[in-house]
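Report on the structure given below.
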Number of protein chains: 2
Amino acid sequence: MGLEEDIKQKKFKSVYQKAGINLTYTTSFMMNRNMRLLKKFGLTLPQFNILRILRGQHPQATTVNDLIDRMLDKSSNASRIVEKLRSKNLVERKACENDRRAVDVSITKSGLDLLAKIDAIEHEFYFGKGSLTEAEAQLLNELLDKGRSCYENEN
Amino acid sequence: MGLEEDIKQKKFKSVYQKAGINLTYTTSFMMNRNMRLLKKFGLTLPQFNILRILRGQHPQATTVNDLIDRMLDKSSNASRIVEKLRSKNLVERKACENDRRAVDVSITKSGLDLLAKIDAIEHEFYFGKGSLTEAEAQLLNELLDKGRSCYENEN
DNA sequence: TTGGTATAGATGTACCTACATATAATGTGA
DNA sequence: TCACATTATATGTAGGTACATCTATACCAA
């Protein structure tokens, strides 16, 4: 179904406005589905994202500041999310030896096990081959990178 | 800058995973900018979206249920956002005459004036000609519609 | 060394979403 | 017409985001 029918808006001011609204709408759809999938594992999206970053570093620890740098949504509040994960025993926190201001965060065995289970359904998180061909998905990536270039030096 | 440098992730499992992450990242950039722009006018993004829907109907009123139907993020909580707008005198609420369960919401003169001011910077909300050509923006729309087709019958 | 500044992280506030549930009004079938 | 389901909206709760501010530590230059 085209965007016009989906949101009951007949006209857009420009193809650029339509693309912006389409991005919002499409991404919201995708994230809603991801959220529902993760809920079965007791995780929220930002909790899952942090766990994945920690697994990428494992067995090295990562500071909260590193997490903020690497999170998709830059300004989210990493220290509170880490605390949620710690309360579920999915991550560990300990004082950093080199810098006593910093906190070393690392994923636990329990966290790794949970991620391993989620890996099995990870393909459901994204557009699949049923909707876009590989070439189309590649083209989408290029258009997004190019579009985003207007935000260089922001954020 | 390509996605890999931006989020410091070298490899993706597939071009589909990369497109999904790219969508999230790019949309988050765009919405962050829109949010900052709207903040100068004392509005949040969902408040702005509701005001625009109401302007589209003006001078007819719209029920809360209509708003939920037409919002980009379907499941958001329209009645609380309407209350925020009412407390700023940007919208009015009154009991619907035909259906006493429903509430008629309409935009006020003050709300229309505010939107008129925002119209002047509306082009800054989206990718502009500086990043994508019109043909590329059109292609992006088509790819998003096609990608989203895998979610048909969801939400 | 000391005073100023930068950095890492935690925390308070206002707003938001997702989901469950409550309340009131409406529709409907026996 | 009466019991029951449905609909429109409101509200409570848990979690998240943006932003400002606070504390402790680290760095740095006179």
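In what follows, chains carry the letters A, B, and so on, assigned in the order in which the sequence lines appear, proteins first and then strands, with residues in each chain numbered from 1.
- In this entry the distance linking CG of A:Asn34 with C1' of C:dA18 reads 15 Å, nearest Å.
- Distance, A:Ile81 CD1 to D:dA18 P: 10 Å, rounded to whole Å.
- Atom CG in B:Leu85 sits about 12 Å away from atom C1' in C:dC15, given to the nearest Å.
- Listed by chain and residue number, A:Glu122 satisfy the salt bridge (Lys or Arg N to Asp or Glu O under 4.0 Å) test with A:Arg52 (two or more places apart in sequence, or in another chain).
- Look at CG on B:Leu67: it is 15 Å from C1' on D:dA10, rounded to the nearest Å.
- Salt-bridge check for B:Glu83 with B:Arg86: passed, with a basic side-chain N closer than 4.0 Å to an acidic carboxylate O.
- With sequence neighbours left out, the side-chain contact (heavy atoms from CB on, under 4.5 Å) criterion links B:His123 to no other residue.
- The stretch residues 38-53 of chain A comes close to DNA chain C through A:Lys39, each having a heavy atom under 4.0 Å from the strand.
- Rounded to whole angstrom, the span from the CG atom of B:Asn32 across to the C1' atom of D:dG16 amounts to 14 Å.
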- Item | Sugar-phosphate or base contact per nucleotide [nucleotides 1-10 of chain C; S, B, -; heavy atom under 4.0 Å] | -----BBSSB

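- For A:Met71 and D:dA18, the CE to P distance is 9 Å, given to the nearest whole Å.
- In this structure, the NZ atom of B:Lys84 is 11 Å from the C1' atom of C:dT13, given to the nearest Å.
- Every salt bridge (Lys or Arg N to Asp or Glu O under 4.0 Å) that B:Arg55 has, sequence neighbours left out, goes to B:Asp119.
- Under the side-chain contact (heavy atoms from CB on, under 4.5 Å) criterion, A:Lys129 pairs with A:Glu134, B:Tyr16, not counting sequence neighbours.
- Salt bridge absent: B:Asp113 and B:Lys117 never bring a charged side-chain N and a carboxylate O closer than 4.0 Å.
- Residues passing the side-chain contact (heavy atoms from CB on, under 4.5 Å) test with A:Thr63 are A:Asn65, A:Asp66, A:Ala102, A:Asp104, sequence neighbours excluded.
- As rounded to whole Å, 10 Å separates atom P of C:dG27 from atom CG of B:Asn98.
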Below 3.5 Å, can you tabulate the donor-acceptor pairs from side chains in residues 88-98 of chain A to any protein atom, sequence neighbours excluded?
residue : atom : partner : partner atom : Å
A:Lys88 : NZ   : A:Gly42 : O            : 2.9
A:Lys88 : NZ   : A:Gln47 : OE1          : 2.7

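- Under the rule for a side-chain contact (heavy atoms from CB on, under 4.5 Å), the partners of B:Gln57 that lie at least two apart in sequence or sit in another chain are B:Gln60, B:Thr62, B:Arg70.
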